[in-house]
Student: 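One structure, pasted below without further comment.
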Amino acid sequence: MRLRSCLAGLALALWGSAAYAEECPAKSTSMEDIVAVLNAAPGCDRAMKLFEACAYGASGDVQFGEAVEKKCEADFAGQLKPPQKLSYQRALGACDRKYRNRSGTMYISATAFCRAKVAQRYSQRALKAAGPKAR
């Protein structure tokens with residue numbers, strides 16, 4: 001009985017979180033349409049939300065992640081000093097190494113998400129340091 005209650009609670013929690021998940025606003029599920037939506041996003045955080053909504057969960061996510069990285073890097077790339085650039089590159093490298101020895105396209109997707117999240121963190125830091133005018 002207790003197991004059933006736990007399973008029912010878990011099912012409700014999962015269903016509830018799925019109900020609030022954003023749908024991908026791209027015209028279709030084609031890679032070109034999704035990349036276009038990511039490129040048109042007004043900022044890094046929005047691009048990341050769209051990436052999460054539109055992800056394939058497979059190797060195709062590499063192109064989506066690259067679009068998000070590019071969007072986020074626009075917020076900070078010109079401002080980083082050499083030690084910060086090195087730190088950023090190391091964080092991206094850590095993502096590349098994290099799933100290196102795993103097989104399956106879902107790990108390629110996980111790497112793309114990891115890299116995009118690193119870029120998002122750096123973007124958020126840069127925007128916070130710049131103050132409210134930067135947003």
Side-chain angles (χ1 to χ4, degrees):
M1 184 68 165
R2 192 173 201 180
L3 178 61
R4 264 193 201 153
S5 296
C6 289
L7 289 175
L10 179 62
L12 283 173
L14 291 174
W15 179 77
S17 65
Y20 292 106
E22 182 175 348
E23 287 194 32
C24 182
K27 289 186 257 182
S28 73
T29 58
S30 78
M31 189 169 294
E32 294 80 20
D33 288 342
I34 295 171
V35 169
V37 165
L38 295 172
N39 287 334
C44 174
D45 288 339
R46 181 67 183 145
M48 189 65 187
K49 289 258 187 228
L50 293 170
F51 181 24
E52 291 167 351
C54 298
Y56 291 162
S59 59
D61 291 345
V62 170
Q63 284 78 14
F64 306 154
E66 287 172 351
V68 173
E69 281 182 58
K70 183 177 175 184
K71 177 71 72 173
C72 295
E73 286 174 352
D75 294 334
F76 66 85
Q79 303 167 13
L80 295 181
K81 293 177 173 57
Q84 294 167 317
K85 283 182 186 178
L86 182 59
S87 177
Y88 178 62
Q89 291 303 318
R90 283 183 178 158
L92 293 176
C95 290
D96 294 339
R97 288 186 304 277
K98 187 172 187 176
Y99 302 106
R100 173 178 54 204
N101 295 323
R102 305 286 185 139
S103 62
T105 59
M106 68 182 177
Y107 293 109
I108 296 170
S109 173
T111 299
F113 268 98
C114 180
R115 289 178 60 94
K117 287 177 184 176
V118 167
Q120 182 184 32
R121 278 194 308 273
Y122 272 75
S123 168
Q124 289 169 340
R125 286 181 199 156
L127 293 175
K128 185 177 180 183
K133 293 179 188 176
R135 294 177 191 198

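Computed over heavy atoms, backbone and side chain alike; hydrogens, waters and symmetry mates excluded.
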Student: Do Thr29 and Cys24 pass the side chain to side chain contact (heavy atoms under 4.5 Å, CB included) test, and can you show the C-alpha distance, the side-chain angles, and the key distance before you say yes or no?
Tutor: CA-CA 8 Å; Thr29 58; Cys24 182; over 6 Å; no
Student: Looking at Gly65 and Ala116, what are the two nearest heavy atoms and their distance?
Tutor: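 Nearest pair, atom of Gly65 first, then Ala116: O-CB, 4.4 Å.
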Student: Could you pull out all residues at least two apart from Ala41 that satisfy side-chain contact (heavy atoms from CB on, under 4.5 Å)?
Tutor: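 Ala41: side-chain contact (heavy atoms from CB on, under 4.5 Å) contacts with Arg46, Ala47, Leu50, Lys71.
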Student: Can you find a heavy atom in the side chain of Asp96 that is under 4.5 Å from one in the side chain of Arg115?
Tutor: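 Counting from C-beta outward, Asp96 and Arg115 do come under 4.5 Å.
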Student: Would you compute the distance between atom CG of Leu38 and atom CE of Met48 and round it to the nearest 0.5 angstrom?
Tutor: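 If we round to the nearest 0.5 Å, Leu38:CG and Met48:CE are 10.5 Å apart.
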Student: At their closest point, which heavy atom of Pro25 faces which heavy atom of Cys54, and how far apart are they?
Tutor: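 Between these two residues, the closest heavy atoms are CD-SG, 4.0 Å.
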Student: Are Leu127 and Phe76 linked, directly or through intermediate hydrophobic residues, by side-chain heavy-atom contacts shorter than 4.5 Å (ILVMFWY only)?
Tutor: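 Different clusters.
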Student: Same cluster or not: Val68 versus Val118, using hydrophobic residues (I, L, V, M, F, W, Y) connected whenever any side-chain heavy atoms lie under 4.5 Å apart?
Tutor: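 No, it is not one cluster - the side chains of Val68 and Val118 are not joined through contacts under 4.5 Å.
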Student: The criterion is side-chain contact (heavy atoms from CB on, under 4.5 Å); which residues satisfy it with Ala58, sequence neighbours excluded?
Tutor: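 So Ala58 forms a side-chain contact (heavy atoms from CB on, under 4.5 Å) with Tyr56, Thr105.
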Student: List for me each residue that meets side-chain contact (heavy atoms from CB on, under 4.5 Å) alongside Tyr99, sequence neighbours excluded, and say none if there are none.
Tutor: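 Only Arg102, Tyr107, Ala110, Thr111 meet the side-chain contact (heavy atoms from CB on, under 4.5 Å) criterion with Tyr99.
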Student: State, to 0.1 Å, how close Ser123 and Cys72 come at their nearest heavy-atom pair, and which atoms those are.
Tutor: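 Shortest heavy-atom contact: CB-O, 3.7 Å.
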Student: Going by side-chain hydrogen bond (donor to acceptor under 3.5 Å, both in side chains), name the residues that satisfy it together with Asp45, two or more places apart in sequence or in a different chain.
Tutor: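 Counting only residues at least two positions away or on another chain, Asp45 forms a side-chain hydrogen bond (donor to acceptor under 3.5 Å, both in side chains) with Gln120, Gln124.
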Student: List in chain and number order the residues that pass side-chain contact (heavy atoms from CB on, under 4.5 Å) with Asp33, two or more places apart in sequence or in another chain; answer none if no residue qualifies.
Tutor: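 Only Ala26, Lys27, Ser28, Ser30 meet the side-chain contact (heavy atoms from CB on, under 4.5 Å) criterion with Asp33.
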Student: Shortest non-hydrogen contact from Ile108 to Ser59?
Tutor: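 Taking Ile108 first and Ser59 second, the nearest heavy atoms are CG2-CA, 3.7 Å.
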Student: Show me the donor-acceptor pairs within less than 3.5 Å that the side chains of residues 83-95 make with the rest of the protein, sequence neighbours left out.
Tutor:
{"from": "Gln84", "atom 1": "OE1", "to": "Lys81", "atom 2": "N", "distance (Å)": "2.8"}
{"from": "Ser87", "atom 1": "OG", "to": "Tyr122", "atom 2": "OH", "distance (Å)": "2.9"}
{"from": "Tyr88", "atom 1": "OH", "to": "Glu73", "atom 2": "OE2", "distance (Å)": "2.5"}

